[in-house]
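Naming convention: chains lettered A, B, ... in sequence-line order (proteins, then strands); numbering from 1 in each chain. Keep in mind that this is a model prediction, so the values were computed, not measured.
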2 protein chains.
Amino acid sequence: MGVSKTDLYTEKQNSIAILSKALGHPARIAIIEYLLKVNTCICGDIVNELPLAQPTVSQHLKELKNAGLIKGSIDGTSICYCIDEDGFNKLKIFFTALDTDLEIKKNKCC
Amino acid sequence: MGVSKTDLYTEKQNSIAILSKALGHPARIAIIEYLLKVNTCICGDIVNELPLAQPTVSQHLKELKNAGLIKGSIDGTSICYCIDEDGFNKLKIFFTALDTDLEIKKNKCC
DNA sequence: TTTATATATTGCAATATTACGATTAAAAGA
DNA sequence: TCTTTTAATCGTAATATTGCAATATATAAA
């Protein structure tokens, strides 16, 4: 099928999955790392940075934006992109709780 | 194409992307959450827990195992699964560094 | 107004993912 | 040995993703 039954899971499960999925491509990790380094940049900067064509970069930016991991604001003919803390905070909360759980339980395995 | 050019990115970028991608489906988040709750379980337990058929669950388990997020060991006719800390530690390191970066720079946006 | 610049959108081909029925494999018990 | 139990694998259909050329859009500059 290729389609996931999102209505069968909790809102939190879907939310974490959407955020994780957006980070599930090396180009998008590269974009995030670049944005962390330069704080803000325009699409063209990323096109110069990555070995991908402009439409492909634009598509990756769209996915990161839809997931809530980056923000973009119009600045003349270009668009200024930066990290969106909201998305990363949600992930941080999830992984922190997960990590606490693992430490308490000392990760009992089989 | 549908294929990502993994050789064009750093090992770290690919590694984080693979781990994130594995978490990019609500069923797999549900499996992780369930494993955190019960520590260890067999495939059949997850089949009872999730609204998915046994082959589908088996496939999701395989992906989580390949990514290094869970471990499985043979126990008679069944297989005992548990969290693999190694994968989650890699993610933790990435997100912790990212978070430190954001706090230092106070996330300067456009 | 025309032209240049920057980015988004469209359309398409190649490939990957998701889901499940049917089947297989492997160990345990009768 | 035969049967049951448990989980993996195979095959397949439906859908999603990735990447790019071509095109569209929108603002700025000349």
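Rounded to whole Å, atom P of D:dT6 lies 6 Å from atom CD1 of B:I42. Atom NZ in A:K21 sits roughly 8 Å away from atom C1' in D:dT17 (whole-Å rounding). In this structure, A:I31 places its CD1 atom 13 Å from C1' of D:dT18, rounding to the nearest Å. Rounded to whole angstrom, the span from the CG atom of A:D75 across to the P atom of D:dT27 amounts to 13 Å. We find that CD of B:Q54 is positioned 11 Å from P of C:dG21, with the value rounded to whole Å. Nucleotide D:dC20 holds its P atom 11 Å from the CG atom of A:L50, rounded to whole Å.
Comparing A:A53 and B:C41 by the nucleotide of DNA chain D that holds the closest heavy atom to each, the one mapping nearer the 5' end is B:C41.
Applying the 4.0 Å criterion to OP1 and OP2 of C:dA6, one finds that A:Y81 has every side-chain N and O outside that range.
Proximity of B:L23 to A:I16: side-chain heavy atoms (C-beta onward) are nowhere separated by under 4.5 Å. Contact of the B:I32 side chain with the B:L64 side chain is registered, since non-hydrogen atoms from C-beta on lie closer than 4.5 Å. The side-chain heavy atoms of A:I70 and A:C82, taken from C-beta on, include no pair separated by under 4.5 Å.
Listed by residue number, the members of residues 55-71 of chain A with any heavy atom below 4.0 angstrom from DNA chain C are A:P55, A:S58, A:K62.
A salt bridge links A:K12 with B:E33: the distance from a Lys NZ or Arg NE/NH1/NH2 to an Asp or Glu carboxylate oxygen falls below 4.0 Å.
Here B:I74 lies out of heavy-atom contact (under 4.0 Å) with every strand.
Within the 3.5 Å criterion, the main-chain N or O of B:E11 finds no donor-acceptor partner in the side chain of B:S15. Panel note: side chain A:N48, backbone A:G44; a donor-acceptor pair is recorded below 3.5 Å.
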